[in-house]
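Along the sequence shown, the residues carry numbers beginning at 1.
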Amino acid sequence: MPTVADNIVATLKASGVRRIYGIPGDSLNGFTDALRRSGDIAWEHVRHEEAAAFAASAEAAITGDLAVAAGSCGPGNLHLINGLFDANRSRVPVLAIAAHIPRQNIGSGYFQETHPQELFRECSVYCELVSVPEQFPEILEVAMRTALERRGVAVVVVPGEVFLADSPAAWKVRPVVKTESVMRPDDRSLAAAAEVLNRSNRVTILAGAGCAGAHAELVQIAAALKAPVVHALRGKEFVEYDNPYDVGMTGLIGFSSGYRAMEHCDALLMLGTDFPYRAFYPEGVPVIQVDIRGELIGRRVPVDVPLAGTVTDTIAALLPLLAAKNDSVHLDRMTEHYRRARARLDRLATERGGGSPLHPQFVAATIDRLATDDAIFIADVGTPTVWAARYLHMNGKRRLLGSFTHATMANALPQAIGAQASQPGRQVVALSGDGGLAMLLGELITLRQQHLPVKVVVFNNGALAFVELEMKAAGFVNYGTDLDNPDFAGIARAAGLFGATVEKADELEAAVKAAFDHDGPALVDIKVARQELALPPKISLEQARGFALYTTRTILSGGGDEIVELAKSNLRQLVNE
């Protein structure tokens, strides 16, 4: 007779799951043994459960399908929590199987006891404890269905002995797969949106991750409205390519052109974005927001016309109501501004420099040029995200992932594990910071053990550089941000990977090519400039005061050399302005 674990595995298999990320443990034995006996679902053995959750998050983001991570009781499943927070906030479907202590010991302070159903509730769209085998068929299906339909994390908490129990006789294994629906606003709401857009002369579009699969519709409505299209970071991969209306990104790491297109509009159309930074929204203009989750509308900026629906279906229904505009003055002005801003950024990326360290812009542009047309890029939080956002070009086939909402360190390498495991024929490039890589350094061993040919490029500046930038903006002297790094390339070679170190510009291309051509996992450790400012498109008075205060305090603290290096970076950027 099959066990509960056997039927879990059978249900996951029938639903298209082909791998599960995790680390074995005694409370998971019934489950992992069922996987062994089935042989149909791979156990992707990582070195830390946090990496398992990140890997599942990346797989779900790339495929759109349900991905699965598992952790043993107590510390094992607690390690999942950061990666699950990231998955849930990125709105990707992940099922987490959290093993629990024996049922009869719950509440007694037993060895490794926690209360997972309470701990995981904040980072999930569904979380439930299975107390008896008879619950499992319903709970598992509800969990999987909720993760898929609400695009988030579902957690099923299972006492270890329940896995080994006989499966309920009534349990009929059946697939749980995502549905496809048409979702658009009602006619009255669409008419109200059209009325606002038709009377406005300078419409700007702010487009986000909700534009996935809606590129053609986005370009159509931009053409009809003669509207410049600004993209949020998570919308970059879906918006900027083959788009003559794109004017770059806004936000703290955006372009001046994106900011100006928002600033000078007389109506803002938000498409599939929950862009969080209120200071970058225009003031005193009507706002129309389209989002599949109506509860998110209006939480960042007051919205005049809320439209609940998918971007694809909503634009299709809205376009016939729009009067095509002939006046392109606003569009022309903003696209010209974007061309100038883009040219300035590109000039920074062509500066090789003669010695060490390298300019990170040059490194990012070189990676972009050498990577494949369908590469999957994954950026660590911090300065690697800045350079990825500014210098990686999307083309409709490439993907760009990161911890763009949860913003946790150490995401790039473990997310690359999930991306590569689910896409074995594609090039996966992790743009790692030295701080992020070191935090989950053990996952380099996972690359070797699981035979995953991920290419890890380390932006090694010897510091938590983005934290330093935040300190500067707030007027604090940098403290506690230095990193005394080991030889990352040597560690990679010791772990069985290809490893190379780059200290000069003329070494970069050969090293990156060698890593990309290597038949297996590879790491390139690149020494990049520490004092490299990534200036936002809008600098507040408080930030200007903070930088001035930082400069004064740093000089008084004996940090004159640091100020000189920072001044060189500033001068280089001002020359290109």
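- For the residue pair Ala87 and Val94, the shortest heavy atom distance occurs at CB-CG2, 4.0 Å.
- A donor-acceptor contact shorter than 3.5 Å is absent between the side chain of Ser200 and the backbone of Val203.
- For the atom pair Arg299 CZ and Gln289 CD, the distance stands at 9.5 Å (nearest 0.5 Å).
- Ile288 contributes atom CD1, which lies 9.0 Å from atom CD of Glu195 (distance to the nearest 0.5 angstrom).
- Atom NE2 of His406 and atom OG of Ser57 lie 10.5 Å apart (nearest 0.5 Å).
- Of the listed residues (Val142, Val153, Val155), just one forms a side chain to side chain contact (heavy atoms under 4.5 Å, CB included) with Tyr126, and that residue is Val142.
- Asn82 and Thr408 are linked by a side-chain donor-acceptor pair at a separation below 3.5 angstrom, with hydrogens and angles left out of the test.
- Using a 4.5 Å cut-off on side-chain heavy atoms (C-beta onward), Thr314 and Pro185 make contact.
- For Arg300, the CZ atom is densely surrounded, since the number of other residues' heavy atoms within 6.0 Å is greater than 12.
- Ring-plane geometry between Tyr338 and Phe255 is classed as parallel, the angle between the planes falling under 30 degrees on a 0 to 90 degree scale with a further cut at 60.
- Two residues are said to be in side-chain contact when any heavy atoms from C-beta on lie closer than 4.5 Å; His393 and Arg369 fail this criterion.
- A donor-acceptor contact under 3.5 angstrom links the side chains of Asp313 and Thr310, judged on distance only.
- A salt bridge does not link Arg390 to Asp368: none of the charged side-chain nitrogens sits closer than 4.0 Å to a carboxylate oxygen.
- If you look at His215 and Tyr241, their ring centroids are closer than 6.0 Å.
- Geometrically, Arg342 engages Tyr391 in a cation-pi contact defined by less than 6.0 Å to the ring centre and at most 45° from the axis.
- Across all their heavy atoms, Lys397 and Asn395 have their closest contact at N-OD1, 2.8 Å.
- Taken from CD1 in Ile315 to CG in Leu269, the straight-line distance is 7.0 Å, to the nearest 0.5 Å.
- At least one donor-acceptor pair under 3.5 Å links the side chain of Thr335 to the backbone N or O of Asp332.
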Checklist entry - Where do Thr481 and Asn478 land on the side chain to side chain contact (heavy atoms under 4.5 Å, CB included) test, with the steps shown first? => result CA-CA 7 Å; Thr481 56; Asn478 291 154; 4.1 Å; yes
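- Closest approach of Ser256 and Ala341 over heavy atoms only: OG-CB, 3.8 Å.
- Contact of the Met270 side chain with the Thr273 side chain is registered, since non-hydrogen atoms from C-beta on lie closer than 4.5 Å.
- Within the 3.5 Å criterion, the main-chain N or O of Thr179 finds a donor-acceptor partner in the side chain of Glu149.
- Looking at heavy atoms from C-beta onward, Pro302 lies out of side-chain contact with Val287 at the 4.5 angstrom threshold.
- Contact annotation: the side chain of His231 never approaches that of Leu218 to less than 4.5 Å [non-hydrogen atoms, C-beta and beyond].
- The backbone N or O of Leu392 lies less than 3.5 Å from a partner atom in the side chain of Lys236, making a donor-acceptor pair.
- Side-chain contact between Leu268 and Tyr281 is present, with at least one heavy-atom pair separated by less than 4.5 Å.
- Side chain of Gln361 to backbone of Thr350: no donor-acceptor contact under 3.5 angstrom is found.
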Item to check | Working for side chain to side chain contact (heavy atoms under 4.5 Å, CB included), residues Leu206 and Leu271 | outcome: CA-CA 6 Å; Leu206 175 60; Leu271 298 176; over 6 Å; no
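- Between Asp374 and Arg398 no salt bridge is recorded (no basic side-chain N to carboxylate O distance below 4.0 Å).
- Under a 3.5 Å cut-off, the side chain of Arg399 and the backbone N or O of Phe377 do not form any donor-acceptor pair.
- Here Leu401 contributes atom CG and Asn411 contributes atom CG; the two are 9.5 Å apart, rounded to the nearest 0.5 Å.
- The pair Asp373-Arg426 fails the salt-bridge criterion, with no side-chain N (NZ, NE, NH1 or NH2) lying under 4.0 Å from an Asp/Glu carboxylate O.
- In this structure, the side chain of Ser257 engages the main chain of Val247 through a donor-acceptor pair within 3.5 Å.
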Next on the checklist: Before you tell me yes or no, could you show the steps for Lys178 and Asp65 under salt bridge (charged side-chain N to carboxylate O under 4.0 Å, His left out), namely the whole-Å CA-CA distance, both residues' side-chain angles and the distance that decides it to 0.1 Å?
Outcome noted: CA-CA 8 Å; Lys178 63 183 176 182; Asp65 299 324; 3.6 Å; yes
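- Of the charged side-chain nitrogens involved, at least one lies within less than 4.0 Å of a carboxylate oxygen, so that Glu263 and Arg260 count as a salt-bridged pair.
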Next on the checklist: What verdict does the side chain to side chain contact (heavy atoms under 4.5 Å, CB included) test give for Thr405 and Arg234, after you've listed the backbone C-alpha separation in whole Å, the side-chain angles of each residue and the deciding distance to 0.1 Å?
Outcome noted: CA-CA 9 Å; Thr405 302; Arg234 291 186 64 221; 3.5 Å; yes
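- Shown here for Phe54 and Ala410, the closest heavy-atom pair between the two residues is CE1-O, 4.3 Å.
- Atom CG of residue Leu348 and atom CG of residue Leu345 lie 6.5 Å apart, to the nearest 0.5 angstrom.
- The main-chain N or O of Met183 is never found under 3.5 Å from a side-chain atom of Ser181 such that the two would form a donor-acceptor pair.
- A donor-acceptor pair is defined here as one N or O able to donate and one able to accept, closer than 3.5 Å; such a pair exists between the side chain of Asp380 and the backbone of Ala412.
- A side-chain donor from one of Ser189 and Asp186 sits under 3.5 Å from a side-chain acceptor of the other.
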Next on the checklist: Checking Leu319 against Gln220 for the side chain to side chain contact (heavy atoms under 4.5 Å, CB included) test, could you report, in this order, the C-alpha distance in whole Å, the side-chain angles of both residues, the deciding distance, and whether it holds?
Outcome noted: CA-CA 8 Å; Leu319 273 171; Gln220 277 184 289; 3.9 Å; yes
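- Taking a cutoff of 4.0 Å between a charged side-chain nitrogen and a carboxylate oxygen, Asp482 and Arg530 qualify as a salt bridge.
- Two residues are said to be in side-chain contact when any heavy atoms from C-beta on lie closer than 4.5 Å; Asp434 and Phe459 fail this criterion.
- By the neighbour-count criterion of 12 heavy atoms within 6.0 Å, atom CD of Glu336 is densely surrounded, having more than that number from other residues, nucleotides or ligands.
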Checklist entry - Going through the checks in order, is the side chain to side chain donor-acceptor pair (under 3.5 Å) test met by Thr204 and His330? => result CA-CA 9 Å; Thr204 290; His330 176 57; 3.0 Å; yes
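- For the residue pair Leu437 and Ser432, the shortest heavy atom distance occurs at CB-CB, 4.2 Å.
- Minimum interatomic distance between Asn201 and Asp266 (heavy atoms only, all atoms of both residues): N-OD2, 2.9 Å.
- Residues Ile376 and Val429 have side chains not in contact (no heavy-atom distance under 4.5 Å, counting atoms from C-beta outward).
- Using modelled atom types, no side-chain atom of Lys325 and backbone atom of Leu225 make a donor-acceptor pair closer than 3.5 Å.
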